[in-house]
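Notes to accompany the following structure.
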Amino acid sequence: IKQIRRGRESATDTYLDITAADGDRAYNFSTMALSLAAGSLPKDHAAAVIENMAAQGVTQGYMPPLPENKLPRGKVFYGMARDEMRKIAQNVNTNWSIQDGKLQMVPLNAYMPGEIPVITAATGMIGMPEQTQNGIKVKTLLNPAIKIGSVIKLDNASIQKYRYNLARNQSANN
């Protein structure tokens, strides 16, 4: 926890705003100066970054099977470990994050394996889920079962459908 802030929205409603960062020291301070020989694999590159971040307390978490493409030449890592991890993730079509002190890699077209939390009013959902152009927007109380890169289950009947704004289109045609 980096910072907490208490406030009041009304005479009866208060809030606690928490700014927290997991793996913050590894993300901000891990640097690399390393080279790997020709024939190295993407999993070797990810392992080198994780090994470098280990000094700041980060270990390997979920990692999907990565491509077995051997590099024809050596690979040089120089600079911030986070920048090198960003390049690796982009090359193998994944997103990466640090959760619970573990570096996780999740494919862009998949999610992390594990139990799927069901989000309902009984489990902490606030208001109703709403469909947008970019997906479904849902608000919930803090739930440790929901993680970056994981999937949740919603009842489709409770989702408010997206409503296209015709007024905006009409003004563009005038």
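All heavy atoms count here, side chains included; hydrogens, waters and symmetry mates do not.
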What side-chain donor-acceptor pairs closer than 3.5 Å can you find for residues 52-76, not counting sequence neighbours?
residue : atom : partner : partner atom : Å
Asn52   : ND2  : Thr31   : O            : 2.9

Check residues 14-24 and write down every donor-acceptor pair under 3.5 Å in which the side-chain atom is one partner and the other belongs to a residue at least two apart or another chain.
residue : atom : partner : partner atom : Å
Asp17   : OD2  : Arg5    : NH2          : 3.2
Asp22   : OD1  : Gly101  : N            : 3.3
Asp22   : OD2  : Asp100  : N            : 2.2
Asp22   : OD2  : Gly101  : N            : 3.3
Asp24   : OD1  : Asn28   : ND2          : 2.7
Asp24   : OD2  : Lys2    : NZ           : 2.9

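Across every non-hydrogen atom of Gly124 and Thr140, the tightest pair is O-OG1, 3.1 Å. Of all non-hydrogen atoms in Ala89 and Trp96, the two that sit nearest each other are CB-CD1, 3.8 Å.
A continuous path of Ile, Leu, Val, Met, Phe, Trp and Tyr side chains, each step under 4.5 Å between heavy atoms, connects Leu36 with Leu103, placing both in one hydrophobic cluster. Linking ILVMFWY residues whenever their side-chain heavy atoms come closer than 4.5 Å, directly or via other members, leaves Leu41 and Val49 in distinct clusters. Put simply, Leu34 and Ile88 are part of the same group of oily side chains (I, L, V, M, F, W, Y) that touch within less than 4.5 Å, one to the next. Residues Met125 and Ile146 are members of one and the same hydrophobic cluster, defined by side-chain heavy-atom contacts under 4.5 angstrom among Ile, Leu, Val, Met, Phe, Trp and Tyr.
Between the CD1 atom of Ile116 and the NZ atom of Lys153 there is a distance of 8.0 Å, given to the nearest 0.5 Å. Rounding to the nearest 0.5 angstrom, the gap separating the OG atom in Ser30 from the CZ atom in Arg25 is 9.5 Å. For the atom pair CE of Met112 and OG of Ser97, the computed distance is 7.0 Å after rounding to the nearest 0.5 Å. Here the CG atom belonging to Leu154 is positioned 7.0 Å from the CD1 atom belonging to Ile119, to the nearest 0.5 angstrom.
Crowding of Glu51 atom CD: a count of heavy atoms from other residues, nucleotides or ligands under 6.0 Å not exceeding 12. Counting heavy-atom neighbours within 6.0 Å of Arg86 CZ, excluding the residue itself, gives a total above 12.
Listed for the Thr123 side chain is a donor-acceptor partner under 3.5 Å among the backbone atoms of Thr120. Side-chain N or O atoms of Thr94 include none that pairs as donor or acceptor with a backbone N or O of Val106 at under 3.5 Å.
Using a 4.5 Å heavy-atom threshold, the side chains of Met85 and Met105 count as touching. A heavy-atom distance below 4.5 Å is not found between the side chains of Ile98 and Gln104. Phe77 has its side chain within reach of His45: a pair of non-hydrogen atoms, C-beta onward, lies under 4.5 Å apart.
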Kindly indicate, with the supporting measurements, whether the criterion side chain to side chain contact (heavy atoms under 4.5 Å, CB included) is fulfilled by Asn95 and Ile148. CA-CA 10 Å; Asn95 282 324; Ile148 297 169; over 6 Å; no

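Residue Leu141 shares its hydrophobic cluster (ILVMFWY side chains chained together at separations under 4.5 Å) with Ile126.
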